[in-house]
Number of protein chains: 2
Amino acid sequence: MSVTIYDLAREAGVGIGTVSRCLNNHPSVSVETRAKVLEVVKRLSYQPHASAQRLASKKTNTISAIIPFFTNYFFIQVLQGVQDKAAEFGFDLILYGVNNTSQAEYYLRRSLHRGHVDGVMFFSMKLPESYVAKFQQIRLPLVLVDAYHPEFDSISVKNLEGATMATRHLLKLGHTNIAMINASLATEPARDRMEGYRIALEEAGIPFRNDRVFISEIGKQDGFNREAGRASMEELLGKNTGRDRVTAVFIASDVQAMGALEGAAELGVRVPDDLAIVSFDDIELAQHAQLTTMRQPMYEMGVLALEKLFARMKNPDGAPSLTTFLPSLIIRRSCGARIPTEQLV
Amino acid sequence: MSVTIYDLAREAGVGIGTVSRCLNNHPSVSVETRAKVLEVVKRLSYQPHASAQRLASKKTNTISAIIPFFTNYFFIQVLQGVQDKAAEFGFDLILYGVNNTSQAEYYLRRSLHRGHVDGVMFFSMKLPESYVAKFQQIRLPLVLVDAYHPEFDSISVKNLEGATMATRHLLKLGHTNIAMINASLATEPARDRMEGYRIALEEAGIPFRNDRVFISEIGKQDGFNREAGRASMEELLGKNTGRDRVTAVFIASDVQAMGALEGAAELGVRVPDDLAIVSFDDIELAQHAQLTTMRQPMYEMGVLALEKLFARMKNPDGAPSLTTFLPSLIIRRSCGARIPTEQLV
DNA sequence: TATATTTATGGAAGCGCTTCCATCTGTTCA
DNA sequence: TGAACAGATGGAAGCGCTTCCATAAATATA
């Protein structure tokens with residue numbers, strides 16, 4: 001039916017070993033033989049059989065990425081980095097988009113099948129402990145992105161430092177009554193971002209006040225959503241009277257900030273004039289809504305994730321590495337800072 | 001090293017054929033034997049070898065999706081549909097995100113390798129003619145999504161009808177001077193959307209006027225971008241004086257509409273009071289910007305794409321099918337229609 | 001010239017499965 | 001009682017490669 005290396009060998013008058021060597025750019029093939037074989041390859045429009053290659057070579061040239069759909073813009077950006085790098089290395093990328101942890105586990109298991117993939121990337125979720133041993137046992141390279149585990153290569157964002165930078169920015173603009181709108185403290189990012197907020201306040205000599213932190217866990221994603229942001233803002237504004245009223249808010253994520261903006265608008269509170277806002281993530285919407293926010297270098301994280309994965313494939317031993325990215329402050333209108341127009345993105 | 005069916009066979013005291021039959025749920029295995037084998041499978045924590053299975057069975061249980069990154073929100077939505085359906089069928093999805101046609105061709109070629117994938121989905125781009133014959137020759141199932149070719153199963157959106165619906169909506173709101181902001185007529189969607197606009201006008205007895213169509217091709221994507229939308233809006237508003245001034249615009253895409261909104265705001269033109277807008281696509285931003293727009297059922301398109309692909313795998317012969325989705329009008333604020341609040345999404 | 005060394009080549013073995021065919025056992029029915 | 005058949009099972013062949021080993025040819029070395 002289809003052309004195999006046996007056909008090539010017969011047609012070119014050489015052995016199958018030679019054909020294989022030609023196809024894989026082995027050095028020990030004479031120039032003439034190589035030319036002859038390649039001519040036949042072209043003439044018969046030979047296509048190697050991927051599965052056979054994989055079985056024989058014990059390499060799949062494939063990696064899988066387990067990534068939550070709900071990360072949305074993060075998803076695309078980081079995937080673009082991953083894909084670009086994968087193409088460069090000639091690897092295929094199996095995408096496992098998931099909506100919950102049990103799906104994620106299913107795909108972790110699947111990725112562990114022998115001869116399936118050469119490496120796995122796990123995004124934005126906590127790695128179930130039961131898989132730690134399995135990956136180590138099979139020695140299947142695993143990289144965690146926007147997540148962390150001491151036993152594996154990880155890439156994460158400095159949430160704490162980012163939050164500190166965000167809060168400092170508000171302080172520098174002269175605000176002293178700064179609230180925070182946060183998501184569930186069950187999540188690590190929420191805890192870290194609150195801690196960063198606290199640190200910035202305290203280094204400015206402003207005491208951290210628990211009643212200045214507004215947390216709503218309604219909706220999905222532990223409160224990292226629009227509705228929760230809106231609810232928190234409404235709660236905040238509901239009691240925002242008197243001399244020490246809040247004039248600025250640090251919000252734990254852009255999506256929450258979007259909801260908060262709606263809530264503020266509804267109640268006639270102008271942003272940034274009445275209330276300055278800085279949030280976190282820099283999703284696409286942030287630009288449109290003119291949110292001042294902390295940008296995560298998503299594309300770069302994708303690229304680095306693959307680089308780590310390949311490095312691990314080459315060198316399976318060696319201590320797990322951790323890289324953290326420092327988010328950068330993107331100044332737009334929501335914080336009320338004066339900005340040169342060319343900086344408006 | 002790792003456990004193979006030979007190990008299982010030895011351990012269970014049966015032949016490899018029986019083991020294979022057990023693993024594949026073949027009917028002709030006795031209950032006791034099956035139990036015995038499955039016990040060993042569990043005990044040795046056997047994992048089948050994917051490549052070996054593929055080589056022997058001549059099936060990969062994998063499909064590839066070639067999809068432009070720039071489609072952004074469409075990308076995620078449609079992919080979610082694809083992924084959900086793929087999981088249901090137990091298939092893996094190789095993602096080939098591309099930024100241009102030459103990349104797309106590279107991945108088309110790659111997908112054609114024997115034993116690589118069982119089917120291919122090609123999104124939002126014109127299929128290069130040179131690949132038509134290749135896919136037919138290898139009989140590799142191919143489904144086009146948001147694209148069309150007479151020789152392959154296709155799924156597309158009724159751009160013409162959608163544009164007619166959009167324009168009719170503006171007509172119904174009482175507008176008679178309706179302009180259109182379009183992208184390059186080199187693209188089919190742009191042509192279709194203009195034709196739909198024309199039809200709606202003419203059925204209302206309003207002559208189509210070429211000077212009412214504003215096209216900018218600056219930037220990427222044949223003018224389907226923010227900058228081009230903004231430029232067109234500025235051009236439109238620049239000459240929008242006198243008695244028959246334009247009071248409504250149909251814009252060929254949401255991203256262009258986003259730019260157009262910026263341009264209008266800059267020039268002090270209020271939307272919808274001074275100018276009503278209806279656009280096309282319903283990307284995520286559209287909701288936030290309160291754009292009235294024509295929604296494409298993206299998730300459903302993803303699901304259907306996979307269903308078509310599987311149908312084609314089962315039945316390689318049979319005429320190519322074409323399914324077109326009718327976009328639906330999502331009414332938000334930009335068109336100026338009164339809307340019950342609960343309908344505001 | 002004889003020997004060692006390098007370069008090029010052929011093809012068997014092996015990767016871990018699926019599947020087919022042959023065989024064996026037990027059951028059914030006249 | 002024996003023929004006919006269905007149900008289980010073992011294992012060889014085959015999927016299409018890579019790789020290793022043996023060998024042949026060409027070249028260098030003494």
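Please read these numbers as outputs of a predicted model, since none were measured by experiment. Convention: sequence-line order gives letters A, B, ...; per-chain numbering from 1.
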Would the distance check show the side chain of D84(B) and the main-chain N or O of G81(B) forming a donor-acceptor pair, the cut-off being under 3.5 Å? no
Axis-to-axis angle across the helix from dT1(C)-dA30(D) to dA30(C)-dT1(D), five pairs each end, nearest 10 degrees, ~ 40°
With sequence neighbours left out, the residues meeting ring-ring contact (aromatic ring centres under 6.0 Å, His included) with F135(B) are none
key: Cationic N near anionic O, under 4.0 Å, D118(B) to R312(B)   = no
R114(B) meets the salt bridge (charged side-chain N to carboxylate O under 4.0 Å, His left out) criterion, sequence neighbours left out, with none
Would you say L108(A) and K134(A) make side-chain contact, with heavy atoms under 4.5 Å? no
Here the residues of residues 50-62 of chain B within 4.0 Å heavy-atom distance, strictly under, of DNA chain D are L55(B), A56(B), K58(B)
In short, ring-ring contact (aromatic ring centres under 6.0 Å, His included) pairs touching residues 29-64 of chain A with sequence neighbours left out are none
field: Donor-acceptor side-chain pairing of R110(A) and Y106(A) below 3.5 angstrom
entry: yes
Across all chains, not counting sequence neighbours, the side-chain hydrogen bond (donor to acceptor under 3.5 Å, both in side chains) partners of S156(B) are none
- Query: Do T62(B) and R54(B) come within less than 4.5 Å of each other through their side chains, counting heavy atoms only?
  - Reply: yes
task = For the pair F75(A) and F75(B), name the ring-plane relationship: parallel under 30°, tilted 30 to 60°, perpendicular over 60°.
result = perpendicular
Students should find that the nucleotides of DNA chain C closing off the region near chain B, any atom under 4.0 angstrom from a heavy atom, are dG16(C) to dC20(C)
Expected list for residues 13-24 of chain A near DNA chain D, using heavy atoms below 4.0 Å, is I16(A), G17(A), S20(A), R21(A), N24(A)
Q.
Using side-chain heavy atoms (C-beta onward) and a distance below 4.5 Å, is L142(B) in contact with E151(B)?
A. no
Can a side-chain donor-acceptor contact be found between D146(B) and S124(B) if the only test is distance below 3.5 angstrom? yes
F74(B) meets the ring-ring contact (aromatic ring centres under 6.0 Å, His included) criterion, sequence neighbours left out, with none
Are there any protein N/O atoms within less than 3.5 Å of an N/O atom in nucleotides 5-8 of chain D, and if so, which ones and at what distance?
none

Sorted by chain and number, sequence neighbours left out, ring-ring contact (aromatic ring centres under 6.0 Å, His included) with F91(B) holds for F310(B)
Hits for side-chain hydrogen bond (donor to acceptor under 3.5 Å, both in side chains) against Q47(A), two or more places apart or cross-chain, chain-then-number order -> H113(B)
